[in-house]
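If you're wondering where the values come from, they're calculated on a predicted model, not measured in any experiment. Numbers restart at 1 for each chain; the letters A, B, ... are given by sequence-line order, proteins then strands. Heavy-atom basis, side chains included; hydrogens, waters and symmetry copies ignored.
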Amino acid sequence: MSFFELALGNILSPVVLFFMLGVGAALARSDLSVPEAVAKTLALFLMMSIGLKGGVEVAKQGMSAMLVWTIVAGAALSFLLPIIAYALLRATTGLDAVNAAAVSAHYGSISAVTLAAGIDVLSRVGLVAEGYMVAVAAVMETPAIICALLLARRAAPKAAGASTAELVREASLNGSVIALVGSFFIGWIVGPDGLKPVAPLFIDLFRGVLCIFLLDMGLVAGRGLARAGKHLDMRLLAFGIAMPLISGAIAAFIAAAIGLSVGGTMIFITLAASASYIAAPAAMRIALPEAEPAIYLTLSLGVTFPFNLTLGLPLYLMAAQYLRG
Amino acid sequence: MSFFELALGNILSPVVLFFMLGVGAALARSDLSVPEAVAKTLALFLMMSIGLKGGVEVAKQGMSAMLVWTIVAGAALSFLLPIIAYALLRATTGLDAVNAAAVSAHYGSISAVTLAAGIDVLSRVGLVAEGYMVAVAAVMETPAIICALLLARRAAPKAAGASTAELVREASLNGSVIALVGSFFIGWIVGPDGLKPVAPLFIDLFRGVLCIFLLDMGLVAGRGLARAGKHLDMRLLAFGIAMPLISGAIAAFIAAAIGLSVGGTMIFITLAASASYIAAPAAMRIALPEAEPAIYLTLSLGVTFPFNLTLGLPLYLMAAQYLRG
Amino acid sequence: MSFFELALGNILSPVVLFFMLGVGAALARSDLSVPEAVAKTLALFLMMSIGLKGGVEVAKQGMSAMLVWTIVAGAALSFLLPIIAYALLRATTGLDAVNAAAVSAHYGSISAVTLAAGIDVLSRVGLVAEGYMVAVAAVMETPAIICALLLARRAAPKAAGASTAELVREASLNGSVIALVGSFFIGWIVGPDGLKPVAPLFIDLFRGVLCIFLLDMGLVAGRGLARAGKHLDMRLLAFGIAMPLISGAIAAFIAAAIGLSVGGTMIFITLAASASYIAAPAAMRIALPEAEPAIYLTLSLGVTFPFNLTLGLPLYLMAAQYLRG
Amino acid sequence: MQTFAKKRLEIVIEHPARKGLATILDAQKVTGYSVLPVIAGSGKYGPWDEAGQVTSAEGMVMFICIVDPTHIDRVIEAVYPFIQLRKAIMTVSDVQVVRGERF
Amino acid sequence: MQTFAKKRLEIVIEHPARKGLATILDAQKVTGYSVLPVIAGSGKYGPWDEAGQVTSAEGMVMFICIVDPTHIDRVIEAVYPFIQLRKAIMTVSDVQVVRGERF
Amino acid sequence: MQTFAKKRLEIVIEHPARKGLATILDAQKVTGYSVLPVIAGSGKYGPWDEAGQVTSAEGMVMFICIVDPTHIDRVIEAVYPFIQLRKAIMTVSDVQVVRGERF
Ligand SMILES: Nc1ncnc2c1ncn2[C@@H]1O[C@H](COP(=O)(O)O)[C@@H](O)[C@H]1O
Ligand SMILES: Nc1ncnc2c1ncn2[C@@H]1O[C@H](COP(=O)(O)O)[C@@H](O)[C@H]1O
Ligand SMILES: Nc1ncnc2c1ncn2[C@@H]1O[C@H](COP(=O)(O)O)[C@@H](O)[C@H]1O
Ligand code: NA
Ligand code: NA
Ligand code: NA
């Protein structure tokens, strides 16, 4: 399949179309919305579903030594990416040190919904990733936040609003990480047979729920975009598209070096390329209160997320197929 | 099947029984309730489900020229019905001009949940409507609101709290219209194959979700009825039952003239006979703040909705079968 | 199967594992949470699901005279247990009369989620209970609350914040009782054929929803346990485990005397052994405002519920099999 | 614009006592009140949070009631015995309104 | 710590009028406002409760707006005609703030 | 009925800073506080609305804390440096309470 066919197939999937509906509704200033309590629950559901599936996969395939390498590589990558992002931001955009550090935390950390969409893209071409990629995702959430805080401290010693220890605690006990990792272990323990009675909820409804959640993400991204003019200039916009490509390229080579499957490679690239929009913003409000949320949220949710969802994911799949197919 | 059998079968369906449970619980002053955030989401779900199914139906059947006629007829009917309702209210009840105009907006506009219940009744006898009836429903939401505002302006030039342009914008960007129309187009684009992976959520759960939503509607209708004595007299109650029959009769003849199928005719009658309880009340609070919500909401939710749900729908089905069968 | 195998199979089921995940997350002070509106809806869903299944079961099996006996026995037991609990609390713990009465209400009344988990345990070994056990559960909710209020009035005549009549009304119109009983009758009316179209929601998703709900219960129980030190001493802890065993033993003999099936016996024991955490706390805040919620909630949710869920349920199943198998 | 002095009664009270308090206020013929949700708090028994509850039995709500100064004493005296038994705090403050005859 | 006297405007208004009120406040160039949910209440037409509604069209919200005393009259005069037509109550009270220049 | 003069501290602050503010108030040994949700607002950066968010990281909450007048300065001084860095507004007003010894 050519990239064009892949991208078109992706864009015309219900999941992406509902995202676009959300963006359109927001730009037209419709009052369409998904209540916050429900959006939070759908996010929790997606984490539980991904976690369970990953755990059951590991129960079926057995544990592999590669798990350790992938986790180490993921953690290192998550710590490394903010440095690249920070340098790029400082060199090419006018962003001050504190805001640049805050943005860089988002790009090193991961977006679980981008992961969910990536799994959906994989399943549409009949592929799966290594089950333990779920654990890798969880591990990649925090190091970037620490790294960004260190960067900010070096540049603006007074900016920090919280200690590193506090922050590590906060970030690694983040509800969505716990739900993901917990469900992963539960899936691993109960295995395929234990999954069966809960499969009608956690497996069969996954894609439908993803549609509703992405409708909501579209609404939020659209509302962010409507205000983007105020906070983003062309250089920041360019960063929001260039950075996932850079992260993805680095991840692709690491995945190849480790020897991940096509599915695993695609997911590893996706994780690196995705920008956090839950864990990182919350951590930044605590750790770097002076950084402006409108900048990092608009960039992550309004630029990088839509790019990944529409064009990024098929691209990462092609890259994975090319490298590992 | 006789009307009696149809009506009994309808009343003994889980959907209607849960509605009655809600009414009973409310009248007994139980604290049973469905949280507002969840009720909103269930409504959104029903819109998405109806929209998707309609769109997929159109993808299967192809577009027909009749669509244009049905949409034009629907819009005209929605604009016409408030005039009839207003005249009837002024002639037979003591309602003042502003309140009569506000009530008439509700009867011209449509209730999406009545539509959902109508689709459910159809499916129980193995029928479907033309897929584009979803688009017709969306188009019928707004004209009635405009017409009612014009009526109020003529009678009480100072009553208006908003301009017509503002109101058209507001009403046609209403979240539930956007969800319905958006899902319709998504269903059309993805077709039957694209629907399959999201069908466990959007198709299989439709009826169960309708039960929970109608339980909530029953609670609200019951609470409204408990206060109805204060706001409604016999003449208003009679209006709440006569008006859907009048609207339905007019719609029946239009549907026959256009040449809709049995299912399509039944749905067209249902749309005309249904009274709005989301879009119209919100628009009236903005456009005619002096009108008393207790009147129009009690009438629409406490009288017309229960009538349609229990006796109206089987009647409309029989009429459709008689006219077009 | 030995008790050890049964208990292990139970503890390693997804339902219990998610509960433990919740407890762990709470003890680690994660911010993981299920929004209150959603938790309430999941509870409502579980009631509807249990009620419907019970009603359909009765529609299939037909009504039996034993129903009357079981209901009478259930009501009597619910009224009796608080007296035992109160005496035990006063004799073995330092609790004052008002708090002892408040706690005893919880142990006489029932926990619908423990019932749901009990049904889940039964279904895992391929058993079902008599359908009317649902009605028995509903009947057992209130008498304990009345009895506890009478106990408190005798001991501290000024403690009562509400009249008995008020309280009976309040407790028997409690939303979850209405949902349970209403759905039971709906299930009975519509029978197996009427259930089919709503089964994808109310039957197939039951266990998955139970997982999410128990995750939330685990979070709450864990947060309660974290504060337990302040409010509970060893004697109260011992009560929280001894009391369900006493209640369960009494219930077991009654069930045998009535002649319930293995499944029915197991459920009757479970109902008696379970401690209320919704109806009773709300009633106690109204009727005995001086009683300290931290005591009765921590005991019921933090001690007895986890005990029943992990060890109690398999034990009750074994007892039922031994007595009635 | 001319304004009139009124009293603003603010009561934070546990959720299950909501109906009872409303009944008392109604009996005092106040012209109305508004109820706001409270999602967390801290008091004698330490902090609590809506997220840590399966039931709203433990939660709290806030009543706000604008009362004419001539009635405030009567209202407070009616409310006081009810809230005294319960987890509740009550404050009174001075406010100005434009439509004086409304309260 | 030095404090500055400001006015606190509190408006309880029906949900559908939310956008309209915000537009008026913005036009008065207030430095900001906060909106809180109202879940129940009582007034001329008796009690209402969020739980008894399928739509938020009937619900209410509370605006809180800290305004400099020199602007309060202007703001009230701008808001008054809008809320007069609607279910709404408005009160003004005195408050102290630390960052005086902020409002 | 006899009443006692107290101070009412009202702080609107961003959601992620909730825990931090609670810690500071606890350290000041206030007798308690209540937290209310804020669903929308407007400030320096224009309007925001709960509906436009996937995460509560951007949302706000309102703290209300009744404090004895003898402690208010100390509490404000402890809170001020924390909220100064953040999106927050703080006001103090006079209230009367019945149970004076409670605060
Ligand atoms: N000083 C205070 N200021 C504001 N709210 C308070 C205060 N003290 C107590 N509360 C509220 O009242 C509830 C019960 O307090 P207590 O009776 O001390 O346990 C707390 O959880 C808070 O929500
Ligand atoms: N005296 C009052 N104090 C506080 N809130 C009030 C008062 N009167 C009315 N309200 C609120 O304003 C709404 C509309 O009141 P009304 O215009 O009297 O129907 C009520 O539902 C309450 O939420
Ligand atoms: N004058 C004001 N009155 C009430 N709330 C305000 C005011 N100014 C700001 N706020 C609240 O504080 C938040 C942050 O304001 P700002 O720091 O100006 O962006 C706003 O979103 C409002 O919720
Ligand atoms: Na990343
Ligand atoms: Na209509
Ligand atoms: Na019990």
Please step through side-chain contact (heavy atoms from CB on, under 4.5 Å) for the pair A:Asn174 and A:Val177, ending with a clear verdict.
CA-CA 5 Å; A:Asn174 181 291; A:Val177 175; 4.0 Å; yes

Just by modelled atom types, is the A:Gly126 backbone N or O under 3.5 Å from a matching donor or acceptor in the A:Ser123 side chain?
no

Cut-off 3.5 Å, side chains only: do A:Ser261 and A:Glu130 have a donor facing an acceptor?
yes

Residue A:Phe206 versus chain B: region with a heavy atom under 4.5 Å:
neither

Options A:Ala28, A:Ser13, A:Gly22, A:Ser33, ranked by heavy-atom pairs under 4.5 Å with chain B, top entry:
A:Ala28

Between A:Asp120, A:Asp204, A:Leu210, A:Thr41, the one whose heavy-atom pairs under 4.5 Å with chain B are most numerous:
A:Asp204

So which part of B:Leu52 gets closer than 4.5 Å to some heavy atom of chain A, the side chain, the backbone, both or neither?
side chain

Any side-chain heavy-atom pair of B:Pro281 and B:Tyr296 under 4.5 Å:
yes

Check whether A:Leu17 gets within reach of chain B through its side chain, its backbone, both or neither, counting any heavy atom under 4.5 Å.
both

For the pair B:Trp188 and B:Phe184, name the ring-plane relationship: parallel under 30°, tilted 30 to 60°, perpendicular over 60°.
tilted

Ring centres under 6.0 angstrom apart (B:Phe45, B:Phe202)
yes

I'd like to verify something: which residue of B:Gly175, B:Ser183, B:Pro35, B:Ser176 has the highest number of heavy-atom pairs under 4.5 Å with chain A?
B:Gly175

Please flag which part of B:Ile178 lies under 4.5 Å from any non-hydrogen atom of chain A: side chain, backbone, both or neither.
both

